[in-house]
Number of protein chains: 2
Amino acid sequence: LEPFWAYFSPDSDKATFSLENAVFCIMGLVFSNSLKLKSSVYYCDLFISCLDSHSDGSNYAMSNGGGGAGASSSTHLLDLLEEPIPGVGTYDDFHTIDWVREKCKDRERHRKINSKKKESAWEFTKSLYDAWSGWLVVTLTGLASGALAGVIDIAADWLNDLKEGVCLSAMWFNHEQCCWDSNETTFAERDKCPQWKTWAELILGQAEGPGSYIMNYFMFTFWALSFAFLAVSLVKVFAPYACGSGIPEIKTILSGFIIRGYLGKWTLMIKTITLVLAVASGLSLGKEGPLVHVACCCGNIFSYLFPKYSKNEAKKREFSTRVLSAASAAGVSVAFGAPIGGVLFSLEEVSYYFPLKTLWRSFFAALVAAFVLRSINPFGNSRLVLFYVEYHTPWYLFELFPFILLGVFGGLWGAFFIRANIAWCRRRKSTRFGKYPVLEVITVAAITAIVAFPNPYTRQNTSELIKELFTDCGPLESSQLCQYRSQMNGSQAYPAGSDAAAAPGVYSAMWQLSLALVFKIIMTIFTFGLKVPSGLFIPSMAIGAIAGRIVGIAVEQLAYYHHDWFLFREWCEVGADCITPGLYAMVGAAACLGGVTRMTVSLVVIVFELTGGLEYIVPLMAAVMTSKWVGDAFGREGIYEAHIRLNGYPFLDAKEEFTHTTLARDVMRPRRNDTPLAVLTQDDMTLAELQNIISETSYNGFPVIVSKESQRLVGFALRRDITIAIENARRKQEGIMLNSRVYFTQHAPTLPADSPRPLKLRSILDMSPFTVTDHTPMEIVVDIFRKLGLRQCLVTHNGRLLGIITKKDILRHMAQMANQDPESIMFN
Amino acid sequence: LEPFWAYFSPDSDKATFSLENAVFCIMGLVFSNSLKLKSSVYYCDLFISCLDSHSDGSNYAMSNGGGGAGASSSTHLLDLLEEPIPGVGTYDDFHTIDWVREKCKDRERHRKINSKKKESAWEFTKSLYDAWSGWLVVTLTGLASGALAGVIDIAADWLNDLKEGVCLSAMWFNHEQCCWDSNETTFAERDKCPQWKTWAELILGQAEGPGSYIMNYFMFTFWALSFAFLAVSLVKVFAPYACGSGIPEIKTILSGFIIRGYLGKWTLMIKTITLVLAVASGLSLGKEGPLVHVACCCGNIFSYLFPKYSKNEAKKREFSTRVLSAASAAGVSVAFGAPIGGVLFSLEEVSYYFPLKTLWRSFFAALVAAFVLRSINPFGNSRLVLFYVEYHTPWYLFELFPFILLGVFGGLWGAFFIRANIAWCRRRKSTRFGKYPVLEVITVAAITAIVAFPNPYTRQNTSELIKELFTDCGPLESSQLCQYRSQMNGSQAYPAGSDAAAAPGVYSAMWQLSLALVFKIIMTIFTFGLKVPSGLFIPSMAIGAIAGRIVGIAVEQLAYYHHDWFLFREWCEVGADCITPGLYAMVGAAACLGGVTRMTVSLVVIVFELTGGLEYIVPLMAAVMTSKWVGDAFGREGIYEAHIRLNGYPFLDAKEEFTHTTLARDVMRPRRNDTPLAVLTQDDMTLAELQNIISETSYNGFPVIVSKESQRLVGFALRRDITIAIENARRKQEGIMLNSRVYFTQHAPTLPADSPRPLKLRSILDMSPFTVTDHTPMEIVVDIFRKLGLRQCLVTHNGRLLGIITKKDILRHMAQMANQDPESIMFN
């Protein structure tokens with residue numbers, strides 16, 4: 001039971017793609033799924049369990065790994081003759097990065113290149129290449145994410161239409177493309193071209209009647225289930241990390257945490273394919289979040305193309321972080337066709353440390369991606385944006401009231417959704433239910449398909465639904481939503497588009513929309529968190545757009561029938577076009593999205609880029625602000641932060657304020673009754689003592705002090721580095737024995753004549769560890785951790801070492817202060 | 001010679017406006033100017049000289065002032081019974097703020113309000129008020145800056161037209177408003193309405209002929225000189241801080257430096273008035289930078305309206321910084337009608353510490369300001385933006401070549417301008433020449449007016465010139481720039497706006513534009529830095545727009561005459577409108593502005609908001625990027641950073657990378673041969689010894705150690721706080737004598753029975769000073785200073801205190817590393 005597919009492990013960087021692998025792929029797919037369904041392997045929870053095993057027993061200095069090499073940049077000056085020890089300064093999986101050291105190393109490399117620049121033409125070329133490689137990666141990322149977004153759009157469209165029928169003239173055409181050559185010119189008939197056959201027509205040979213309805217119903221459900229099954233199987237077998245939206249993980253990675261393979265090429269490939277399948281399966285999910293993940297995978301893979309970055313993983317940290325910020329901007333840019341909104345999204349929601357430096361590159365990547373997408377032209381309208389709308393009427397001050405109501409709805413929906421979804425996800429994680437992810441996806445897909453088919457608003461693609469709801473009723477609009485009386489009998493001479501009494505079509509549309517609203521609300525809660533790629537933007541916007549359109553039509557009818565009421569008298573005469581229900585839908589969509597994600601500026605800018613008019617910014621802002629405030633009243637976390645906490649990632653939110661009065665000494669370990677801190681002394685320990693300390697404790701690093709008596713701090717050494725250095729010394733240096741003296745000082749201590757050769761470990765000592773005094777308020781400590789990206793910090797009192805604070809200690813303390821059970825929440 | 005006007009000192013916060021003051025104002029203006037011209041008083045250099053006196057003799061721990069009260073937030077826990085000493089924790093003028101402490105204090109206040117919230121309805125209301133006061137201030141700032149921008153626009157327009165003539169029907173109408181009722185309908189004649197009289201018509205009674213030309217010339221120069229004289233006099237007498245663009249100073253203030261009165265109400269009032277005068281005087285300057293200053297003044301004044309902020313200056317620091325970020329966004333928003341660009345400008349160029357937190361409020365302020373400006377409608381076109389243009393033709397790939405050329409021009413211009421302007425400003429500061437600012441302004445204004453009048457492109461308002469250059473030639477355009485042959489004789493049936501042979505009008509326009517370009521380049525160098533409010537955006541954009549339009553017409557004619565050449569053959573047929581010279585002007589304007597300020601994203605977004613089309617972002621980006629790279633090749637500083645350095649403000653640029661390998665011990669004081677660090681011991685000094693140390697040194701703070709022998713660090717005490725505490729103790733406590741023991745410990749040391757009562761100073765001790773080890777690389781130290789906003793940092797080795805590093809030490813070290821003479825550059 002450790003078969004073929006184990007070859008395609010999540011550690012995808014090692015897997016190389018070849019024909020042989022491809023054959024294995026198919027075999028693995030065919031066989032392993034049937035086997036694995038029962039044996040409940042891995043999954044997205046895979047790396048949660050990894051976290052478990054790593055956090056077990058590690059008390060402090062847990063999140064460690066590579067400070068030593070950073071110190072080498074300074075100690076190099078002292079120990080120029082010593083060679084660096086291979087392996088020192090790298091990180092383990094699921095460990096936190098020390099940003100300060102990493103930045104240091106990056107600059108060190110820069111300096112070397114700069115100083116060599118003048119030596120020769122070749123070195124100069126290399127320095128130019130180095131300076132331009134960042135731009136190159138960003139450009140490639142933009143190109144690739146634009147192209148992938150285009151492919152995904154086209155493929156998802158085609159597969160989506162495949163649920164209803166097939167194009168006889170060319171299988172690979174979707175419904176719209178199939179009917180482009182059709183001779184039918186009226187709008188209602190345009191979609192019914194002879195080349196396009198529904199499944200009922202093809203199988204039963206009849207287009208109408210209950211038999212054909214049932215056949216279409218069956219085929220719709222069949223295809224939906226097939227797509228869903230294929231998607232979840234691919235994710236399960238080849239790339240467990242491809243599930244979900246990916247934004248919580250990318251936030252965590254950008255904050256400095258290592259999840260190997262999360263941005264690898266397998267994840268990219270599988271996420272792209274399964275995203276198409278998941279969208280086509282009709283599940284209540286969107287492709288916007290996963291597109292950000294896809295773009296980040298592209299950025300990460302391209303940054304591997306540069307040998308200097310791929311050789312030493314630690315070296316490429318800062319670089320790849322910058323690329324990831326740019327990539328997430330590109331992802332949103334292609335998702336909505338909003339480059340500026342994408343940059344602000346990256347700034348507001350995703351990025352952690354380097355927002356300003358990456359601003360320019362993010363903008364560039366977002367633009368490149370947007371232009372590639374436009375030249376692919378997946379929507380066939382040569383528009384950059386997904387939902388391009390133009391409104392012709394201004395809004396009136398009174399309308400702010402319904403807009404704010406929509407904001408309240410958005411905030412309530414956001415708060416409700418986050419609670420319900422988190423509760424459901426927690427249930428999935430803690431009960432046996434979570435062990436059958438494939439079954440779960442199929443069940444949800446089946447319910448979605450069966451309930452969705454009868455209602456035209458849920459049957460159609462969610463993006464198209466949003467587009468229809470956003471669009472204002474014009475004279476050419478044939479939708480049911482636009483069946484107003486005055487347009488049916490043209491007796492009155494009011495201009496087209498003016499407010500009018502609703503015809504029965506509108507009323508039945510209202511009913512169907514209400515049902516669709518309830519359906520979407522319920523299904524989205526159960527869908528987000530399934531083991532398929534799933535974004536939240538589109539479902540949230542759909543819910544908001546439905547609610548908004550309903551409110552908009554209600555206000556419109558109110559204004560029509562009571563146009564002499566004091567509220568409407570001033571500006572809404574008979575026959576005027578004073579209410580735009582499409583605008584309500586847009587405001588509602590922004591409010592609901594704001595309630596779920598708690599984004600503000602980037603959201604308004606994204607929607608502003610959709611409409612292109614500054615006019616409607618005030619309604620949007622009013623609704624988004626209301627939605628955020630209402631949502632915050634029920635809990636300050638957005639859905640991404642909630643999922644980060646659910647999964648127990650060590651993420652220190654930069655936005656949340658630390659509001660307690662505790663001091664560093666209240667948080668540091670060891671506590672009063674704990675065993676004393678495990679420390680090393682700088683020159684009076686033997687190798688045996690050192691190894692003893694290492695084997696007895698599980699800490700990831702040890703402070704080095706002058707002597708047990710003075711407790712004065714010298715530096716900090718990492719467990720991993722010490723182990724590697726000892727092994728290295730044993731292999732290369734002769735005369736190293738168990739009673740060899742270990743010293744971290746500049747010069748060897750004076751030893752008795754017969755003692756064995758001492759072991760010098762100064763090169764792995766970080767001689768500039770961060771320290772705070774025990775009286776430092778925790779809010780300052782938290783600020784330092786956030787802004788500098790520390791992993792640990794030593795605590796002193798009057799110059800003596802007292803204890804240590806790690807990122808995990810801070811997170812645990814914050815959970816404790818928020819009256820949550822720290823052990824159940826952190827790293828569960 | 002210390003007369004009336006001294007009453008209106010730059011310390012304007014104390015000056016209250018009353019009728020009495022107003023009378024004094026006028027008297028002061030009339031008398032003092034004639035007197036002061038010779039006595040070379042104050043001036044914008046005033047606060048440079050302040051800096052001189054403060055920096056003299058202060059070696060380290062110079063930039064200090066208020067850490068003690070921050071510590072009180074932590075020591076409060078220990079000394080709950082001790083009352084805070086009044087005055088402790090405030091700052092002197094021209095001192096640097098310690099951000100960490102300030103943030104701490106702000107949160108302390110928040111916590112108090114939050115904990116009281118549940119006590120009573122009144123406290124709850126107060127907490128609501130507290131939560132909303134930020135929004136209130138931001139809203140008020142937006143309203144005020146929008147209104148002021150509208151007033152400035154209208155007044156400057158009126159005064160500008162006053163140079164040419166006057167409206168007989170209503171004095172206060174400008175040329176355009178005067179002619180609104182005119183019956184003339186053709187475009188050429190519309191401006192010549194009977195109500196509007198030029199000065200020649202009014203005085204000589206004739207509109208044509210050399211006599212009237214000379215009279216108009218004379219009146220033009222006369223008014224220009226009057227406006228310039230009035231502007232410089234007002235600035236000189238009432239608000240020296242109102243000169244210049246203000247952006248360098250605002251950047252410095254936001255980075256945490258105190259310049260009292262720089263954002264006061266006197267500065268606001270005088271800057272508003274003199275900005276109108278300076279713009280109307282025809283000097284080569286713009287109003288965009290000063291508008292940012294005006295908006296920041298509004299923000300600062302409104303934040304004073306809230307009693308809790310105005311009472312304790314230290315308390316309002318973080319708050320006002322946030323408001324200032326928002327205010328600068330509002331300033332750019334009204335300057336260009338580009339709210340999103342304004343927010344990005346604030347983020348990219350101005351703000352230092354809190355970009356993300358203020359994003360939402362900045363956006364809100366920018367929007368409010370933009371909408372107020374639009375409802376005032378100063379341009380009479382109900383457009384939000386200054387230069388609204390619409391282009392109808394796309395651009396072609398080949399055109400990227402001239403666009404990049406324009407970028408190179410922009411970069412070269414930027415580099416040249418920065419060098420020339422800084423050289424001139426340095427000359428002004430160092431020679432006697434700078435002692436006659438009024439004379440200088442009048443000279444420059446006279447030269448500008450005399451040279452500008454004969455050339456129609458320099459005579460008109462610079463904003464109007466830019467607008468004309470941006471606009472594409474349409475069928476209704478009557479400007480000289482649009483005199484193409486095909487439009488003159490309509491024999492050919494090409495559509496209007498198509499490329500055509502240029503008529504003589506275009507050629508003479510080209511000559512005049514070339515002369516205008518040379519004139520603008522020279523005058524701008526001498527104008528920026530004059531003692532009047534002066535922005536750089538508009539002159540830079542004008543230079544770029546002129547160059548761009550010239551290039552654009554050249555390319556257009558090339559394409560017209562060689563339309564079968566291989567470059568043009570594909571896309572530029574005869575009669576097609578393939579080249580848009582207006583677009584070249586826009587690209588050139590962006591490139592030149594980019595070269596001078598080195599802004600990137602915000603600049604592109606501002607121009608994007610002007611045109612509203614994503615189409616033209618690629619040409620803009622290409623030009624702006626080229627311009628930045630070319631400019632950076634000659635020196636990485638933008639004009640604002642260059643002026644900051646010229647003025648010697650302690651500004652640590654967040655964008656510039658520290659690329660040297662020095663360690664903390666190379667930078668810290670004392671150096672090897674210096675006198676040892678002045679330190680206090682925690683419990684074995686007498687009051688006399690303490691006072692002796694304080695009087696003998698000029699340091700602003702002193703580390704407190706356990707004892708001279710151990711050198712272990714306990715905390716940090718500020719000079720100002722110690723002085724205040726001693727005086728306070730002398731007044732209130734009895735038995736404090738010169739041989740009283742001073743102690744910083746928790747409990748009084750055991751003393752002989754006959755010794756006088758000891759003095760406890762623990763409450764002013766900052767018990768959590770920042771420390772780094774002597775081996776810490778300076779790049780990390782610089783990073784800490786930037787990100788945390790420190791003022792000083794103590795250096796330890798193995799737990800012993802070694803020295804201290806202040807912000808000033810770092811700046812001096814950086815100047816040293818850049819091979820500049822540190823003493824001549826810093827704080828000169």
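Chain letters run A, B, ... following the sequence lines, proteins first and then strands; every chain starts at 1.
For A:V368, no part lies near chain B; criterion is any non-hydrogen pair under 4.5 Å. When heavy atoms are compared at a cutoff of 4.5 Å, B:I784 approaches chain A by way of both its backbone and its side chain. Proximity to chain A (any heavy atom under 4.5 Å) is shown, for B:V714, by both the backbone and the side chain. Proximity to chain A is limited to the side chain of B:V604, based on heavy atoms less than 4.5 angstrom apart. Looking at A:Q711, there are no atoms closer than 4.5 Å to chain B (heavy atoms on both sides), in backbone or side chain.
With rounding to the nearest 0.5 Å, the separation of CG in B:L663 from CE in A:M767 is 8.5 Å. The line from CZ of A:R712 to OG of B:S710 is 8.5 Å long, rounded to the nearest 0.5 Å. To the nearest 0.5 Å, atom CG of residue B:N798 and atom CD1 of residue A:I705 are 11.0 Å apart. Expressed to the nearest 0.5 Å, how far CG of B:D766 lies from NE2 of A:H775 amounts to 11.0 Å. Atom CE of B:M625 is separated from atom CZ of A:F363 by 11.0 Å, given to the nearest 0.5 angstrom. Atoms CZ and OG1, from A:F364 and B:T600 in turn, are 12.5 Å apart once rounded to the nearest 0.5 Å.
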### Message
Test side chain to side chain contact (heavy atoms under 4.5 Å, CB included) on B:F770 and A:T776; report intermediate values, then the result.
### Response
CA-CA 9 Å; B:F770 265 84; A:T776 312; over 6 Å; no
### Task
Using the side chain to side chain contact (heavy atoms under 4.5 Å, CB included) rule, take B:E348 and A:W360 through it: C-alpha gap first, then chi angles, then the decisive distance, then the call.
CA-CA 10 Å; B:E348 190 182 357; A:W360 191 218; over 6 Å; no
### Task
Would you check, one step at a time, whether the test side chain to side chain contact (heavy atoms under 4.5 Å, CB included) holds for B:L347 with A:L347?
CA-CA 11 Å; B:L347 201 68; A:L347 201 69; 3.2 Å; yes
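Between the side chains of A:T773 and B:S768, not a single donor N or O lies within less than 3.5 Å of an accepting N or O.
In this structure, B:T796 and A:T771 have side chains that are not in contact, with every pair of non-hydrogen atoms separated by 4.5 Å or more.
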